[in-house]
Amino acid sequence: YITELEELDSAISKPLSPYAGGTFVTYHEFAEYFAQSYDLEVEHLVSLPDGSPAPADVQRVIDTVKSADLKVLLTEPAESGNAFEAIASDLDVKVSFFDPMETTEALDPDPADYLASMAENADNLAAAFEEGSL
């Protein structure tokens, strides 16, 4: 499994390396370690365990989207239909997913689920950065 994790790390590093120093925005604050691992910056709308953003949170995200010229915001699958999507609509940007895997329904998830989810997260993040560079 360690070998698989190392391979996953390499598979994530390669497509994200062109975006080193870039910023992405998530709904909740959960991706700080991920961002740090791949030389990225992350901003979030809602701090955990808060459920609703304050006006200052919304403004911070709007400012980040504009200053970083973001075209995609990343929400979690469990947060569909939230205020984040309204912000994206107002800013004319897309919403994609970054799954923190904190809400898995499986009582005993398979380790392969982590590998697959993280690979998908990396693909979604790379696509979000690519979208912004068009």
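For clarity, every value in this text was computed on a predicted model and none was experimentally measured.
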Nearest heavy-atom neighbours spanning [X] and [Y]:
X: Ala122; Y: Ile12; answer: CB-CG1, 3.6 Å
X: Thr26; Y: Ala31; answer: CG2-CB, 4.4 Å
X: Pro15; Y: Pro18; answer: O-CD, 3.4 Å

Pair Asp63 + Arg60: basic N to acidic O under 4.0 Å | no
Any chance you could measure [X], atom [atom1], to [Y], atom [atom2], to the nearest 0.5 Å?
X: Leu40; Y: Phe129; atom1: CG; atom2: CZ; result: 4.5 Å
X: Phe84; Y: Glu76; atom1: CZ; atom2: CD; result: 8.5 Å
X: Glu85; Y: Leu73; atom1: CD; atom2: CG; result: 10.0 Å
X: Glu29; Y: Leu45; atom1: CD; atom2: CG; result: 11.0 Å

Under 3.5 Å, sequence neighbours excluded: what are the donor-acceptor pairs made by side chains of residues 87-98?
from, atom 1, to, atom 2, distance (Å)
Lys94, NZ, Glu131, OE2, 3.1

Quick one: does [X]'s side chain get under 4.5 Å of [Y]'s, heavy atoms only?
X: Phe30; Y: His44; result: no
X: Phe34; Y: Val42; result: no
X: Leu125; Y: Tyr19; result: no
X: Lys71; Y: Asp69; result: yes
X: Leu115; Y: Leu5; result: yes

Is it the case that over 12 heavy atoms from other parts of the model lie below 6.0 angstrom from the [atom1] atom of [X]?
X: Glu120; atom1: CD; result: no
X: Tyr38; atom1: OH; result: yes
X: Tyr1; atom1: OH; result: yes

* Is there a donor-acceptor contact under 3.5 Å from the side chain of Asp57 to the main chain of Val46? -> no
Applying side-chain contact (heavy atoms from CB on, under 4.5 Å) to Ala68 and not counting sequence neighbours gives Thr23, Leu70
Residues at least two apart in sequence or cross-chain that pass side chain to side chain donor-acceptor pair (under 3.5 Å) with Glu41, listed by chain then number, are none
